[in-house]
Amino acid sequence: MAEGHPQRPAAALARAQQQRARLAQGDDRHHGVACRAAPEPVAVPGDAVAPVAVVAQARGGELLAQLLGVVGVECVAGALEQRVRQLFARRVVAQEAWDGHHVVVHTAALGAPGDIGGQAFEQVVGTAEPAREGVDPRAVGQRGAPGPCQLGQAGIAGREERALLVVHGPTLLLFRTPIRMNSAAGAPGGPAADDGGMLFADVARVSREVAGTSSRSRKTQLLADFFRAAEPDDAPIAIAYLAGRLPQGRLGVGWAALRDRAAPAAQPSLTVRGVDAALTAVGEVSGQGAQAGRRALLQDLFGAATAAEQEYLLGLLTGEVRQGALDAAAVEGLAAATGADPAGVRRAVMLSGALEPVAQALLADGPRALAQFRLTVGRPLFPMLAASAKSVTEALARLGPCAVEEKLDGIRVQVHREDGRVTVFTRTLDDVTERLPEVVAAAAGLDAEQFVLDGEVLALDAEGRPRPFQETAGRVGSRVDVATAAAALPVAPVFFDVLALEGRDLLDLPYAERHAALEQLVPVAQRVRMQPVAHPEDADELRLAEDFFAATLARGHEGVVVKGVDGTYAAGRRGASWIKVKPVHTLDLVVLAVEWGHGRRTGKLSNLHLGARAEDGSFVMLGKTFKGLTDALLDWQTEQLLARAVRDDGHVVTVRPELVVEVAYDGVQTSPRYPAGLTLRFARVLRYRDDKTPAEADTVETVRAAHTATR
DNA sequence: GTGGGCAAATTGC
DNA sequence: CTCGGACGGATTCGG
DNA sequence: CCGAATCCGTCCGAGGCAATTTGCCCAC
C-alpha cells in the first residue's frame, strides 16, 4: 500500500466514531473534545462602536444596534469582516450609498486592498459616518456591475436573521432578512499570528477558532489568515492538521496508548515541524515493545504541550477533530490567502490527488504555481462521484440526452498505465496494484501505451452474475497471500471511462467523446453495458431506459448510473451529470432499543436497534440505524422511546417493543454479528408506522427471502 | 518460544 | 455508503 | 418592477456493517 498516504478525513472520522461508540460506555470524557470550544469573549473597544451611524429608523437600525451591542458583536465580526475583505479582494468599485430603512457604514478608511488585517471590522466601525439620503435601492446589482453591488448574504449565528450586504461607494449597506437559524456559535475574533514562527499552538488556536464559527466564509477567512503567515515548508503539515488528519496516516495509536497523559506544559513551545517529527517517530516504532515505546514518545510529546495543545493533539490522533472545515475549506482559504482562483486551486488538488503539495507550491510561488498541477499518468486523481435520483425517469428528466450504464457493486478502481507499468488505485487513491493482478493483466493487454481508466472491479460467478459485495471486498482487502486469494476468488475489472489516452488529457471532453475513446481502447467484455438515450422525452426511448434498468437488476447488479452526453469528468466532485439510480426496498421493523446520540445529537435518542418478528412472537435484531431522522423526528422519538424505556445503562436504552418503523435499505447481507445471521445494508428510517402494531411487523423469514432474492 | 484470542487500525460500501 | 442541516450565492416571486 | 423569500449546489457531521491485518498478551 502507499506508505504514509494520508487517509481520507471523512473515513478517518467515521472510524473514530466506531472507536468512540465502543468506548462510549462509561467513558464520556471525550464528548467535549469533539465539540466546539466555548467561544471566548471578544474584547471590543467601546469607542470603536460609538461612531457608527445608524441612519435607518426601521429594522436596520434596530438590527445594527443589536449587532454591535455587547451581546452580538463577535457574531457580526465574522459576517461583516468577511464581506469587507471580499469587497476589496474583488476590487469592487463603489460609488454611492443608499440607506432607506437600512444601515450604512463608511468604509473609506479601510486602507489598500490586501492590507486588511484581522482588524477590518473595527476599522469599519471606527470610521463610520452618517449615510447620505436618496440612494435608490433598485440600483443594487451584482458584483462587478457598475453601481451598487450586493456583496452577499451572511447568516449571523444566534440571530434569526440573515445579513445582506450591499456596497455602493465607500459605503456598506446592511440589510436583514429573517431566516431559519443555526446553532449559536460565537466566533472568537483575534488577530492572526503576529510572527512568522509556526507554533503548534497557532494551529490549535486556529482550529479552535474555526470550530467556533458556523459561517463557512468566516472559516475560510480564518484559514486564509493562517496560511498567509505560514512558511511553505510548514504549510503541508499544518494543512493536514487543520483538515483533521495526520500526514503520517496510520500511526498505530489508539485510545489505549492515550489513556494516561502527561501533565500539560504551562507555555507553548512545540513547533509544527517538531510535532510532525515526534509523530513520525511514534509511527516508526515497531517490533517488540512497540506499544510501550510509542507510549513513552507520546508521553514526551504531551508533556511538552499545553492543555489546549493536548486537547487538539488528542483530537488529531483519534480522528475526532471537528471544526466544520476539512479539505474544501482549506482550499478556499488557500485561494484567498494567495489570490488564486478557488476553482483553479480545487482543480489542482483534485488532479494531483492531494492538498498538501498544492498548498506548498501556492505559498511558495503564488497562483502561477497552479499550472504545474495537471493530470499525470501514474499519479492518481480523485474520481468523479454521482448524484442520485429515485427513478430512471427522474434522472433522464434532469439530464436530457444521456446514456444509461450498469452500476456494478464492487470496488472502484482507477488504472494507470505508462511505460509498460500499470498502477491500480482505489477510490481513496490507495495503491492496490499488488492485490489485483487480474486488473494489471487486463490493463497490460490493452492496445495503448499510456492511459488512465476508471472502472469497477468485482468477482463474478460462473454464469457471470456478481458475487455478493462482501466477497469482492474481502478479496480486494486481502494482501497477505494474493495468489491464493486470487485463485479462490478471481476478480475482473469492468471499465466505464477513460481519462487520459496516449498523451491526451480527456477530462474536459464530453462524456460521448470519452466513451467513444473507451470503445476504441477497451474490448466490450471489459466495459460496462450501456444504453444510449438520445431523446429521453420520447416514450419509446424512455421505455428502453427503464427496460435496461430492469434487465440490469435482473442480472444481479446494483442499479444504473445515468450520464449526460455533454458532461465532462468532474474529478473529486459529485458531478451533476452522473446520476445513480438504485431500487429502494422497505421493511416495517420494531424498535427494540435505542442509543444516546453524540455531538449535535447529544441528549437525543438516536441510533435505533431494529428487530424483525420471529415465529414465536419474539423479535430478532437485524441491525441499527440513525439515518433519515429529521431533528423534529429525533425529538419525537426521544420522547416516545423514553416513555417506553425498561432499562437505561447510559448508552443503550432498552424499550418495550411497541413502535414500528418503516425502514429503507439497499440490500440484505450476511452478518456474523446478528442472531439471524442477516443484516441490512444502508438502512434508514422513512417514517414511523403508527398504523401498525409490532405483531404486524415484517418477519425474519421475509428478510431471509429478500436476502436470497437479491443475491 | 509458539499459537490462540483479542483489540485496534484500516478500508470498502 | 446515507441522510439531514447549514451556508452562501443565485434565482424567483409577490405586493 | 423591486426587495424579500425561496431555491440550489455544496459541504459537513452523525453514524452504520463487513472484512482484513497487525501487534499484544496470555496460556501452554
Side-chain angles (χ1 to χ4, degrees), chain A residues 1 7-15 17-22 34 82 100 136-140 142-143 150-155 157 162 164 175-183 214-219 249-257 286-292 319 322-329 332 387-388 409-412 426-428 430 432 468-480 558 573-574 576 595 597-601 606-607 623-631 633-634 664-667 669-674 679-685:
Chain A
M1 74 160 277
Q7 58 195 334
R8 294 275 294 163
L13 295 177
R15 308 316 164 212
Q17 259 131 52
Q18 269 178 276
Q19 306 301 338
R20 184 173 53 187
R22 276 181 218 143
Q82 93 207 357
D136 188 354
R138 290 170 293 187
V140 172
Q142 299 300 307
R143 260 194 309 279
Q150 177 181 322
L151 288 178
Q153 305 166 19
R162 179 182 292 264
L164 198 144
F175 300 65
R176 80 166 187 185
T177 64
I179 54 170
R180 291 191 310 274
M181 216 47 237
N182 55 333
S183 61
S214 59
S215 159
R216 283 218 292 268
S217 44
R218 176 71 181 153
K219 290 177 199 288
R250 56 160 65 186
L251 222 54
V253 172
W255 290 98
S286 67
Q288 192 85 40
Q291 200 84 0
R322 294 280 190 302
Q323 57 187 21
L326 298 172
D327 284 349
E332 293 288 321
S388 59
D409 195 10
I411 307 287
R412 183 89 176 259
T426 64
R427 201 172 79 90
T428 49
D430 262 336
V432 290
F469 169 75
Q470 286 166 274
E471 293 184 20
T472 298
R475 169 60 213 284
V476 178
S478 315
R479 67 185 93 186
V480 172
E558 201 185 2
R573 307 183 57 185
R574 203 164 286 287
E595 295 173 13
H598 302 104
R600 67 184 295 274
R601 290 190 173 187
S606 169
N607 197 7
K624 310 182 201 178
T625 188
F626 54 91
K627 289 195 262 274
L629 297 165
T630 62
D631 284 4
L633 197 53
L634 214 52
Y665 63 97
D666 279 15
Q669 60 188 358
T670 58
S671 168
R673 180 181 314 196
Y674 291 109
T679 190
L680 306 180
R681 200 169 165 199
F682 307 134
R684 62 262 186 195
V685 172

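Since we're looking at a predicted model, the values are computed, not measured. So that the names make sense, note that chain A is the first sequence line, chain B the second, and so on, each numbered from 1.
Atoms CG (L633(A)) and P (dG4(C)) sit 10 Å apart, rounded to a whole Å. F469(A) places its CZ atom 12 Å from the P atom of dT20(D), with the value rounded to the nearest Å. Regarding E558(A), its CD atom lies at a distance of 9 Å from the P atom of dC1(C), rounded to whole Å. One can place CG of D666(A) at 6 Å from P of dT2(C), the figure rounded to the nearest angstrom. Taking atom CZ of R673(A) as the reference point, atom P of dA18(D) lies 5 Å away to the nearest angstrom. The CD-C1' distance, from E595(A) to dG16(D), rounds to 10 Å in whole Å. Whole-Å rounding puts the D631(A) CG to dC3(C) P distance at 16 Å. Rounding to whole angstrom units, NZ of residue K624(A) and P of dA14(D) are separated by 17 Å.
Within the 4.0 Å cut-off from OP1 or OP2 of dG4(C), not a single side-chain nitrogen or oxygen of T630(A) is found. Taking 4.0 angstrom as the limit, R681(A) places none of its side-chain polar atoms (N or O) nearer than this to OP1 or OP2 of dA18(D). Here T426(A) reaches the OP1 or OP2 of dG12(B): one of its side-chain N or O atoms lies under 4.0 Å away. For the pair Q669(A) and dC17(D), the criterion of a side-chain N or O lying under 4.0 Å from OP1 or OP2 is not met. The side chain of S215(A) contributes an N or O atom lying less than 4.0 Å from OP1 or OP2 of dG8(C). Within the structure, every side-chain polar atom (N or O) of R601(A) is placed at least 4.0 Å from both OP1 and OP2 of dG15(D). In terms of phosphate contacts, N607(A) brings no side-chain nitrogen or oxygen within less than 4.0 Å of OP1 or OP2 of dA14(D). At least one side-chain nitrogen or oxygen of R684(A) sits closer than 4.0 Å to the OP1 or OP2 atom of dC3(C). OP1 or OP2 of dG12(B) has at least one side-chain nitrogen or oxygen of T428(A) nearer than 4.0 Å.
Residues meeting the salt bridge (charged side-chain N to carboxylate O under 4.0 Å, His left out) test with R681(A), sequence neighbours left out: D409(A). Every side-chain hydrogen bond (donor to acceptor under 3.5 Å, both in side chains) that Q470(A) has, sequence neighbours left out, goes to T670(A). With sequence neighbours left out, the salt bridge (charged side-chain N to carboxylate O under 4.0 Å, His left out) criterion links R412(A) to D454(A). Residues satisfying the ring-ring contact (aromatic ring centres under 6.0 Å, His included) criterion with F469(A), sequence neighbours excluded, are absent altogether. By the side-chain hydrogen bond (donor to acceptor under 3.5 Å, both in side chains) test, S478(A) pairs with no residue at all, sequence neighbours left out.
Within the 4.0 angstrom heavy-atom criterion, no nucleotide atom of any strand lies near L680(A). T679(A) comes within 4.0 angstrom of the backbone, heavy atoms only, and of no base. Counting non-hydrogen atoms under 4.0 angstrom, S388(A) reaches nothing in the nucleic acid.
With DNA chain D read from its 5' end, the first of the two nearest nucleotides for V480(A) and S671(A) is the one closest to S671(A).
Put simply, the side chain of R673(A) does not reach to within 4.5 Å of the side chain of T679(A), judged on heavy atoms. Taking the side chain as every heavy atom from C-beta outward, K624(A) and E595(A) approach each other to under 4.5 Å.
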Grab the N/O contacts between the protein and nucleotides 8-10 of chain D below 3.5 Å, and write none if there aren't any.
unit_1, atom_1, unit_2, atom_2, d
dG9(D), N2, R216(A), NH2, 3.3
dT10(D), OP1, R573(A), NH2, 2.5

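The K627(A) side chain lies nearest to dG16(D) when the options are dG16(D), dC17(D), dG12(B).
Using modelled atom types, one side-chain atom of T625(A) and one backbone atom of A683(A) make a donor-acceptor pair closer than 3.5 Å.
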